[in-house]
Amino acid sequence: MTGYETWEVSPGGWRRLFPPAGAVWVLVLQAVTGGRWLPDGLPGALPRPMWTLLGGLAAWGAAGFAASALGTVVERVRLARGDRVAAWLVRARQRRWDRLDRLARAAEPDTAGEQAHSDAARSAARHARRRWAVSPQRPIAATWAADRWARLDDRIRGAYGLAVAVTWPRLWLLVPEPVRAELRAAAAGWHAACVWGGWAALFGLLGLLRWPVLGVAVALAAWSWAAGRRCLAYRADLIESAYDLHGTELARQLRVALPASGRLDALRGQEVTVRLGKGS
């Protein structure tokens with residue numbers, strides 16, 4: 001499923017190359033190397049402090065670029081499907097999800113008596129929460145984020161018959177600007193969380209020189225993972241909400257006849273998808 005980034009967010013600019021985290025990374029580099037990361041013999045007539053300043057700025061920009069590039073790698077890894085990437089992890093997640101699903105279904109209240117009914121309901125809810133923590137639906141990818149993102153098109157197509165890759169750019173033109181701003185913010189939050197994963201990798205490199213820095217790298221990686229999951233879940237919910245609230249308007253704009261309820265259904269949604277796909 002593609003097309004979201006083009007319409008929602010285009011992160012870039014000098015702030016990506018010179019973020020505060022990059023300045024901290026340069027200071028840590030200076031500390032762990034004792035300032036020996038710059039060569040001794042420097043050309044020109046500038047004094048050593050000036051060369052150190054210029055070298056620090058160059059390292060700052062290079063670190064910012066590297067973190068952004070690594071963030072793109074982190075994003076693709078986290079959203080990778082499991083058919084060729086970590087297929088063993090997908091199978092393990094499927095087994096765990098299946099087990100929790102059986103427990104949740106078995107614990108559903110079907111007995112008489114208020115106390116027994118309440119206990120069964122709590123047990124079923126507990127297993128359902130654990131099942132959701134593994135994946136919103138039966139896993140088809142290696143991570144929770146990848147599952148939530150991969151299932152987004154299935155959920156929208158199942159409810160409204162709309163193929164996201166075809167209909168999203170058109171729906172984007174219909175949603176109000178506050179909704180677009182929220183979608184951009186959610187996309188930026190997901191991207192920023194992945195970039196923090198890139199910073200975790202860069203601090204991990206410095207941790208090879210001074211092991212206490214590895215603690216910083218591990219903390220950043222854990223925070224990036226948790227924040228990325230939260231941001232992607234919110235982003236997916238926003239996209240689904242945009243279809244819930246504005247999908248019917250998209251059909252009206254295309255002069256697709258709606259059912260008596262006035263709400264878009266899967267049959268009319270398929271007509272919208274075919275019309276917008278233009279036979280492709």
Side-chain angles (χ1 to χ4, degrees), residues 1-2 4-33 37 56-82 85-86 89 93 132-136 139 141-150 152 181-239:
M1 183 169 49
T2 60
Y4 296 111
E5 291 75 15
T6 302
W7 301 94
E8 292 178 26
V9 63
S10 180
W14 64 269
R15 286 175 296 180
R16 180 179 62 179
L17 294 180
F18 296 97
V24 175
W25 188 86
V26 172
L27 291 175
V28 175
L29 172 65
Q30 181 78 6
V32 300
T33 62
W37 59 281
L57 289 175
W60 187 359
F65 179 81
S68 180
L70 289 171
T72 301
V73 175
V74 170
E75 182 173 0
R76 292 183 177 180
V77 169
R78 293 196 64 175
L79 296 182
R81 299 286 289 270
V85 180
L89 182 57
R93 297 180 71 239
W132 173 267
V134 176
S135 178
T143 67
W144 190 97
D147 271 324
R148 182 67 180 94
W149 198 242
L152 184 57
E182 193 67 17
L183 285 163
R184 291 190 189 100
W190 159 252
H191 178 77
C194 292
V195 171
W196 279 112
W199 284 113
L202 292 180
F203 276 97
L205 290 177
L206 297 183
L208 299 177
L209 301 177
R210 290 292 187 275
W211 68 265
V213 184
L214 286 176
V216 176
V218 171
L220 285 177
W223 187 88
S224 168
W225 191 267
R229 172 169 165 163
R230 184 175 62 252
C231 290
L232 191 80
Y234 180 56
R235 186 182 177 192
D237 287 343
L238 281 178
I239 293 172

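The basis for the numbers below is simple: all heavy atoms, side chains too, and nothing from hydrogens, waters or symmetry mates.
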Item to complete: Look only at the side chain of Arg93 and the backbone of Val134, and say whether a donor-acceptor pair between them is shorter than 3.5 Å.
Response: yes
Item to complete: Side-chain contact test, heavy atoms from C-beta onward, threshold under 4.5 Å: evaluate it for Trp196 versus His191 and give yes or no.
Response: no
Practice prompt. Go through Asp237 and Arg148 one step at a time and tell me if the side chain to side chain contact (heavy atoms under 4.5 Å, CB included) criterion holds.
Written response: CA-CA 10 Å; Asp237 287 343; Arg148 182 67 180 94; 2.8 Å; yes
Worksheet item: Where do Asp147 and Pro136 come nearest, in terms of heavy atoms and distance?
Response: CB-CD, 4.4 Å
Worksheet entry | Contacts of Val213 that satisfy side-chain contact (heavy atoms from CB on, under 4.5 Å) - sequence neighbours left out | Val28, Val32, Phe203, Leu206, Arg210
Practice prompt. Measure across Pro19 and Gly64 and return the closest heavy-atom pair with its distance rounded to 0.1 Å.
Written response: CD-CA, 4.3 Å
Practice prompt. Could you tell me the separation between the OG1 atom of Thr143 and the CG atom of Leu232, rounded to the nearest 0.5 Å?
Written response: 8.5 Å
Discussion item. Run the side chain to side chain contact (heavy atoms under 4.5 Å, CB included) test on Leu205 and Leu202 for me, step by step, so that the C-alpha distance in whole Å, both residues' side-chain angles and the decisive distance to 0.1 Å come before the verdict.
Written reply: CA-CA 5 Å; Leu205 290 177; Leu202 292 180; 4.3 Å; yes
Worksheet item: When you measure from the side chain of Trp25 to the backbone N and O of Trp60, does any donor-acceptor pair fall under 3.5 Å?
Response: no
Practice prompt. Over all heavy atoms of both residues, which pair between Ala217 and Gly204 is shortest? Give the atoms and the distance, please.
Written response: CB-N, 3.5 Å
Item to complete: Keeping the roles fixed (side chain from Ser135, backbone from Trp144), state whether a donor-acceptor pair exists under 3.5 Å.
Response: no
Distance-only donor-acceptor hits, side chain of residues 222-230, under 3.5 Å, sequence neighbours excluded:
| residue | atom | partner | partner atom | Å |
| --- | --- | --- | --- | --- |
| Ser224 | OG | Ala193 | O | 2.5 |
| Ser224 | OG | Gly197 | N | 3.2 |
| Arg229 | NH1 | Ala133 | O | 3.4 |
| Arg229 | NH2 | Ala133 | O | 3.3 |

Fill in: Considering all heavy atoms, the nearest Leu70-Ala201 contact
CD1-CB, 4.0 Å
Worksheet item: Any donor and acceptor pair, going by atom type alone, linking the side chain of Arg235 with main-chain N or O of Leu183 inside 3.5 Å?
Response: no
Practice prompt. Report yes if the side chains of Val74 and Arg78 come closer than 4.5 Å at any heavy-atom pair, otherwise no.
Written response: yes
Worksheet item: So which heavy atom on Ala200 is nearest to which on Leu220, and how close?
Response: CB-CB, 3.8 Å
Worksheet item: Could you go step by step and tell me if Trp149 and Ile239 meet the side chain to side chain contact (heavy atoms under 4.5 Å, CB included) rule?
Response: CA-CA 10 Å; Trp149 198 242; Ile239 293 172; 3.8 Å; yes
